[in-house]
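Let me begin by presenting the structure, written as structure tokens, before commenting on it.
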Amino acid sequence: MATTTLTGPRPTPRPGPLTGFTIGVTAARRRDELTALLTRRGAQVVEAPVLRIMPLADDLALRRATESCLTGPLDYVVATTGVGWRGWMSAAEGWGRGAALADACRRAVVLTRGPKATGAVRASGLGEGFSPGSEATDELLTWLLARPLAGRRIAVQEHGVRLDDFAAALRERGAEVISVPVYRWAPPDDPAPVRRLVDQTVRRQVHALAFTSAPAVVAFVETAAADGLRDALLDALRGDVLPVCVGALCARPFADLGLPAEFPERGRLGSLVRLLAETLPSRGRRELDLGSVRLTLQGNAALVDGESRLLSPRGAAVLRALAERPGHVLSRADLLRTAWPDAAADEHAVEAAVGRLRAALGPHGKLIRTVPKRGYRLAAA
């Protein structure tokens, strides 16, 4: 569901740190929570779930894996995600095998991939024997391979994608590996919102993208590639559009592409939102003292003496261009080059955009002055 940008005069009495910024949310799970946290801080949100978690159709594979775990003692159990671990324990409880599974895991060494998996394991009454600081599956594998594995039985709870390489490396060392497929990722039922968000990113109509899983990053880039927009997408993410991930593991696909991505130290939604609220204003905020008023440009918002007015992306681009040199005249051709770099438009489009910008600014529209036969300027003392 895309959020429509407002262009009419609608003042916001108390702007938040993300007022004026449009953020693409790619998560499926906990999407409503993330959207609420962002909008509470003033952001406009474009929702486009890139993937959806699809439970196993009939739980048959999960039940078989669970029964395999109970045929003999387990030496190691790998918990890769909190939601996957909870789903596994809940399913076993429903089959009347919850106590037996918990006892089998209690007798084994439980390895957890990150704080969410650790929290879920502890909530089920168990404790972790090892948890890497990086939340990386590779570190779990390194830890296991440093121990004698011949004849050991290892249960691996998968996290949306198969961990075939992980399991193969353990089997090469003589271990018996039981893969536990709790859920898997699937494409969204409707791919149109994702394709629209790719297009908006390429056109720089969003200021940031929020990701909560590495598979979502990969799927988003693949969607762009399918539409012939991969290079354009990566170019946008290198500069104007900020990619922000919930943690280091989520950001790894960006690192593999040679792209910088921001992520908080703690992999939490609240930390992700705080990082956005701190980083975006520092990238896209400009303050001007125009004598009679104080003007702040923040994303697609103009804050005039503390009052916020949302602008269209084009109107914000025009105002930002004029604000680069307050008091100096920019011709219509200058504004075309700045605000319409990749679109076919003529000088009439500039006139229409300036008219809408003035209307959006309400009583402060008079800050945009027309200089006959020359262009426009931003009023300055």
Side-chain angles (χ1 to χ4, degrees), residues 17-18 20-27 31 34-35 37-38 41 43-51 113-116 132-139 161 194-195 197-286 297-300 313 316-317 320 341-342:
L18 292 175
F21 294 108
T22 302
I23 300 172
V25 169
T26 63
R31 179 183 67 200
L34 178 54
T35 297
L37 288 170
L38 291 170
R41 288 159 177 79
Q44 290 185 290
V45 174
V46 178
E47 298 180 27
V50 176
L51 295 171
R113 186 184 65 88
K116 293 181 182 178
S134 67
E135 304 183 34
T137 308
D138 292 347
E139 282 201 44
V161 292
V194 182
R195 297 180 66 187
L197 182 56
V198 168
D199 185 67
Q200 288 173 289
T201 304
V202 169
R203 294 176 180 272
R204 277 69 168 176
Q205 293 175 349
V206 296
H207 300 95
L209 297 175
F211 292 92
T212 58
S213 73
V217 175
V218 174
F220 192 71
V221 175
E222 288 177 348
T223 299
D227 288 342
L229 295 173
R230 182 181 185 276
D231 291 344
L233 174 71
L234 298 183
D235 184 62
L237 294 175
R238 286 189 184 96
D240 298 316
V241 181
L242 178 69
V244 181
C245 297
V246 75
L249 185 67
C250 176
R252 181 174 294 184
F254 282 124
D256 293 340
L257 291 168
L259 286 172
E262 300 283 344
F263 57 87
E265 291 184 6
R266 297 191 64 205
R268 297 287 188 272
L269 287 187
S271 300
L272 170 66
V273 173
R274 282 192 295 272
L275 179 61
L276 280 163
E278 294 167 359
T279 305
L280 277 180
S282 67
R283 285 167 49 99
R285 185 181 178 96
R286 181 178 177 83
L297 302 180
Q298 180 171 296
N300 290 339
R320 195 171 293 275
D342 301 316

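The line from CZ of Arg268 to OG1 of Thr212 is 13.5 Å long, rounded to the nearest 0.5 Å. Taken to the nearest 0.5 Å, the CZ atom of Arg41 stands 14.5 Å off from the CZ atom of Phe21. Note that CG of Leu280 is 12.0 Å distant from CZ of Arg285, once rounded to the nearest 0.5 Å. Phe211 CZ to Phe220 CZ: the interatomic distance, rounded to the nearest 0.5 Å, is 5.0 Å. With values rounded to the nearest 0.5 angstrom, Leu276 atom CG is found 8.0 Å from Leu34 atom CG. Here Thr137 contributes atom OG1 and Arg113 contributes atom CZ; the two are 4.5 Å apart, rounded to the nearest 0.5 Å.
Counting heavy atoms from C-beta outward, His207 and Asn300 have side chains that approach closer than 4.5 Å. Counting heavy atoms from C-beta on, the side chains of Gln205 and Thr22 never come closer than 4.5 Å.
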Walk me through whether Leu272 and Leu37 qualify under side chain to side chain contact (heavy atoms under 4.5 Å, CB included).
CA-CA 10 Å; Leu272 170 66; Leu37 288 170; over 6 Å; no
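Applying the side chain to side chain donor-acceptor pair (under 3.5 Å) definition to pairs two or more places apart or across chains, those involving residues 217-230 are Arg195-Asp227.
For the residue pair Leu297 and Arg320, the shortest heavy atom distance occurs at CD1-CA, 3.7 Å. Annotation for Thr26 and Ala216: closest pair OG1-CB, 4.5 Å, computed over non-hydrogen atoms. For the pair Pro49 and Val194, the tightest heavy-atom approach, listed with the atom from each and the gap, is O-CG2, 3.3 Å. Minimum interatomic distance between Gly299 and Ala316 (heavy atoms only, all atoms of both residues): O-CB, 3.9 Å. The heavy-atom pair separating Pro17 from Gln298 by the smallest distance is O-NE2, 3.2 Å. Contact between Phe263 and Ala251 at its shortest, heavy atoms only, is CD2-CB, 3.8 Å.
Under the 3.5 Å distance criterion, the side-chain polar atoms of Arg31 are left unmatched by any main-chain donor or acceptor of Ala48.
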Can you give me every donor-acceptor pair (side chain of residues 234-248, partner residue at least two apart or in another chain, under 3.5 Å) with its distance?
from	atom 1	to	atom 2	distance (Å)
Asp235	OD2	Arg204	NH2	3.0
Asp240	OD2	Arg204	NE	3.0

